[in-house]
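Here's the structure we're looking at; comments come further down.
Lettering follows sequence order; numbering is per chain, from 1. Only this structure's heavy atoms are used, side chains among them; waters, hydrogens and symmetry mates stay out.
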Amino acid sequence: MEITFIPLDYDYFEHNGKNYIKIFGKTKDGKQVCIIDSIDIYFWAIPKKENDVKSIEKKLSKISVNSVKIIKTLIEDKKFLGEDVKAIKVYANAQSELSKIIEKLPKDIEIREHDINPVTRYILQKKINPLNWYKASGEILNESGEFSGIDKSFDVDYVIKAEKIWEDKLLNSKHIFAPKVIAFDIETDEFEIGKGEIIMVSLYGKDLKKVLTLKNVNAPNYVVKLKDERELLLEFAKIIKKENPDIITGYFSDGFDLPYIKSRAEKLKVKMPLGLDGGGVKLTGGNNPRAKVSGRVHIDLLKFIQTAYSQYLQSETLSLGDVANELLGEKKKEHEFKHSSKLSGDEWVKFFEYNLHDSYLTYELFLKAWPDMSEFTKITKEPLWNVTRDGMSSNVENYIIHNLYKYNEIIERKPTHDEISKRRSREKYEGAFVLEPKPKLYEDIVMFDFTSYWPSIIATFNLSKSTMLEKKEKNSLEIDIGKGKKAYFNKKKGFFPEILEEIIKLRKQYKEEYKKNPDNLLKARSNAFKLLANASYGYQGFFGARYYCPEASAAATSISRDYLKKVIKEAESSDFKVIYSDTDSIALELNGKTQKQTLEFLKKINDKLPGIMELELEDFYKRGIWVTTRKGEIGAKKKYALINEKGNLKIRGFETVRRDWCKLARELQNKVLEKILNEGNEKSALVYTKEVINKIKDRKVDKKSLIIKTQLKKSLSEYKAVTPHVTMARKMLKKGLPVHAGMLIQYFIAEGDKKSLTRERASFPEEEKKYDVDYYLSKQVLPAVENIFQVFGLDVNDIIEGTKQKTLF
DNA sequence: GCATGGTCCTTACC
DNA sequence: ACCGGTAAGGACCATGC
């Protein structure tokens, strides 16, 4: 039997003292397969003194714990952190009690790769990468009794014991895999996992629209009525089995929907055969649960959006509603939550629509994110289930791990518990350089920035754990890393900088390909490499990293400060006026120069830059404004607004872009900046500001624009300070409303005793109270525009007092 | 009684 | 806990005059 298939999910198992991987996948013609392949379990032992290799090898081969034994050893020439080593490859007959074997090993060796899980080991060993097409030949298990009848327990078209698996290069080059996906969403009366009944479940797929419910009301035909919760759960499992999707997806379904379903199923003693092995939901991870269903891939979209998308999103929160609104241009349905016992017939129907619409939005968002998930999976070569839950540090590390074979490198181990706590308490190293701007309205500006600045420095100067030297050597690079400390790096290229250089090159290549041929997949690929490059600098300073090297990070920032200052000096001596600079960017006033001359200057800089470092044109701007800080005369950093030649605004740092300011202040500030940048003076901005101030005084402002939204960043009990939003959260808790870390607390400031604290006047948006005119003028509107008008020598306090109803002040 | 500075906190920039 | 440091700015509170 020979088939063509694509691996979606992997699992490890032991049978009769041997090790296997089962791969669940799809064939080219849409059949579901499980392929069983053998795998070697091994780790590396590196003797601390090289001449001991032979005798150590002998000692190792005799070790065993219960039925787990060392079955084979080999001595090989390897590299470890760039150094040549003679290492012993130690094979064991099972993964299960490997840690007990490790404990018994002699102390004169270093153990590595014992912490590589069997699925990653398999992918490394056989190069059967997720979401790539392969051909497999082998024997179909047809109730053969082999593997204790494993084929009978799997709900797939074929179970194949692989003899050979090889890549289908032709198919990989042209065929794009489109998975069958079902999105789902549950509704309950209680938020606590498993506390109340599941009152409805919606499912949405390409040809699927269903809401399962217990309520017997006259409802649209996509609603299926079940007699009790038990039947509802069984029906859910039945539909999943019948539809047989490759992927099931939800929004926050790791933390809510699947744990809830699992908990209710256990309570009702219902078997939920959701997986291809007939099993239910498996939860791992304790406080931060991750839900797995065997054979299918369960994806919690929220997790992936958090790591891969959030930095590009403008949304105030990452809720399904906000994200769908931004990425799809579609809103959630309006719905007021009530206890199910209090719902009327019509309200039930609305609730069904709402529930189905959430699944629909999740489904559409999934399709939007699929190119990114798929590319990240192919690039980092870890299973889709893991990749959609991994943070950027894991993505960087996985990319490195799956590329180390090119360097014959043994993989470094993860840090121990003690090492992690030591690393976490390390002192900060000095970061980027930020130039203090002179507050002013500027004309004719150019903005340059370095492409992938820190990664390009790490690659160019070879900064990494394996290239760092203990002391100065002939030809080594010496970098001052602050606090009187110096770090030395080898000139001979190490694997980390080399891999990083490749990431940057691939990013550039795919970006150019995308420009020529704009397609979603190329965009996703280019973006994945960009994110990997950007995260690689932080990775070396991250306490959990296998290739932790804060000295390399500190050296990178040190070099970045030097080169930025060099460019600033060059610009000054070429008669540009330097306005501002932050980390990797520099803003210059053209000072009478033409754009052509400016680009010539850029070229001159680039000709002198070493390695792969590159300065590029960000844009030319007609005008730009920099302001002072609230206190004092100094120019504020990380706060400016620009307008380019097409009239597009670029606003950074101002309250306009901060969600913890009320809409009124944000919109006013935005308008003021827009008017000033467009017109080149403050006149009409001033008129507009006066109008808004009068509107506030006349109490004509809609309360919606006065609401302040602040996120509860941790659980309520952890707060030392009693801020307005903490006070509001406490009130919510008292009312019995759900309060949890991560939620946005909304409130407005109502009128009250003038001497009272702000938090005492904080009120819920629905409270029928008058807003505090004084507060909104002096704490929201004034601070939002004060520094802008100050650039023109105006004092906004005078403006406030100059408008009507002077009695207030 | 009130200015001042420090701490805590959130959110931004890159 | 799950990539880094730099920075602005509000609310509150202890401190000192």
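Here A:Asp772 pairs with A:Arg761 in a salt bridge; the nearest charged N to carboxylate O distance falls below 4.0 Å. Comment: A:Lys505 does not engage A:Glu614 in a salt bridge, judged by the lack of any side-chain N to carboxylate O separation of less than 4.0 angstrom. Salt-bridge check for A:Asp390 with A:Lys303: failed, with every basic side-chain N at 4.0 Å or more from each acidic carboxylate O. Remark: A:Lys639 engages A:Glu655 in a salt bridge, criterion side-chain N to carboxylate O under 4.0 Å. For A:Lys638 and A:Asp582, the salt-bridge test passes: some basic side-chain N is under 4.0 Å from an acidic carboxylate O.
Defined by atom type and a distance below 3.5 Å, a donor-acceptor pair is present between the side-chain atoms of A:Glu419 and A:Thr416.
In terms of phosphate contacts, A:Lys714 brings a side-chain nitrogen or oxygen within less than 4.0 Å of OP1 or OP2 of B:dC9. The phosphate of C:dA8 has neither OP1 nor OP2 within less than 4.0 Å of any side-chain N or O from A:Arg630. Considering only side-chain N and O atoms, A:Lys713 lies nowhere under 4.0 angstrom from the phosphate OP1 or OP2 of B:dC9. In this model, the phosphate group of C:dC3 is not approached by any side-chain N or O of A:Tyr547 to a distance below 4.0 Å at OP1 or OP2. Between B:dC9 and A:His725, no contact under 4.0 Å exists linking OP1 or OP2 to a side-chain N or O.
Contacts of A:Tyr580 with the nucleic acid, taken as non-hydrogen atoms under 4.0 Å apart, are absent. Residue contacts shown for A:Ser553 are absent, as no nucleic acid heavy atom lies under 4.0 Å away. If you check every strand for non-hydrogen atoms under 4.0 Å, A:Ala721 touches sugar and phosphate atoms only. Using a 4.0 Å heavy-atom distance criterion, A:Pro550 is classed as making no nucleic acid contact.
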Along nucleotides 12-17 of chain C, 5' to 3', which nucleotides get a B, which get an S, and which get a -, given that the test is a protein heavy-atom distance under 4.0 Å? SS----
Base contacts versus sugar-phosphate-only contacts with protein, heavy atoms under 4.0 Å: please encode nucleotides 1-7 of chain B as B, S and - from 5' to 3'. -------
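Taking the side chain as every heavy atom from C-beta outward, A:Leu318 and A:Ser310 approach each other to under 4.5 Å. Looking only at side-chain heavy atoms (C-beta outward), A:Val701 and A:Tyr776 stay at 4.5 Å or farther from each other.
Taking atom P in both B:dT10 and C:dC2, one finds a spacing of 15 Å when rounded to whole Å.
For the pair A:Ile788 and A:Val627, the tightest heavy-atom approach, listed with the atom from each and the gap, is CA-CG1, 4.0 Å.
At whole-Å resolution of the value, CZ in A:Phe496 and P in C:dC3 are 14 Å apart. Taking atom NZ of A:Lys650 as the reference point, atom P of B:dC13 lies 10 Å away to the nearest angstrom. A:Lys639 has its NZ atom 16 Å from the P atom of B:dT11, to the nearest Å. Between A:Trp626 atom CH2 and B:dC13 atom P the separation is 14 Å, expressed in whole Å. Atom pair A:Leu500:CG and C:dC3:C1' shows a separation of 13 Å (rounding to whole Å applied). Atom pair A:Phe654:CZ and B:dC13:P shows a separation of 11 Å (rounding to whole Å applied). Following rounding to the nearest Å, A:Asn534 (CG) and B:dC13 (P) show an atom-to-atom distance of 16 Å. Atom pair A:Tyr399:OH and C:dC3:C1' shows a separation of 18 Å (rounding to whole Å applied).
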Output a table of nitrogen or oxygen pairs between the protein and nucleotides 4-7 of chain C separated by less than 3.5 Å.
from	atom 1	to	atom 2	distance (Å)
C:dG5	OP1	A:Arg426	NH1	3.4
C:dG5	O3'	A:Tyr429	O	3.4
C:dG5	O3'	A:Gly431	N	2.9
C:dT6	OP1	A:Gly431	N	2.8
C:dA7	OP1	A:Lys637	NZ	2.9

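The ring pair (Phe, Tyr, Trp, His ring centres under 6.0 Å) with A:Tyr640 is formed by just one residue from the set A:Tyr442, A:Tyr621, A:Trp626; it is A:Trp626. Tested against A:Ile116 for a side-chain contact (heavy atoms from CB on, under 4.5 Å), the candidates A:Arg112, A:Glu113, A:His114 yield a single pass: A:Glu113.
Figure legend: A:Lys779 and A:Tyr775 shown without cation-pi pairing, the cationic atom not lying both under 6.0 angstrom from the six-membered ring centre and within 45 degrees of its axis. Geometrically, A:Lys381 does not engage A:Tyr399 in a cation-pi contact, judged by NZ or CZ lying under 6.0 Å from the ring centre and within 45° of the ring axis.
When the nucleotides B:dA12, C:dG9, B:dC13 are ranked by their closest atom to the side chain of A:Trp661, C:dG9 comes out on top. Taking only side-chain atoms of A:Tyr640, from C-beta outward, the nucleotide of C:dA11, C:dG9, B:dC14 with the closest atom is B:dC14.
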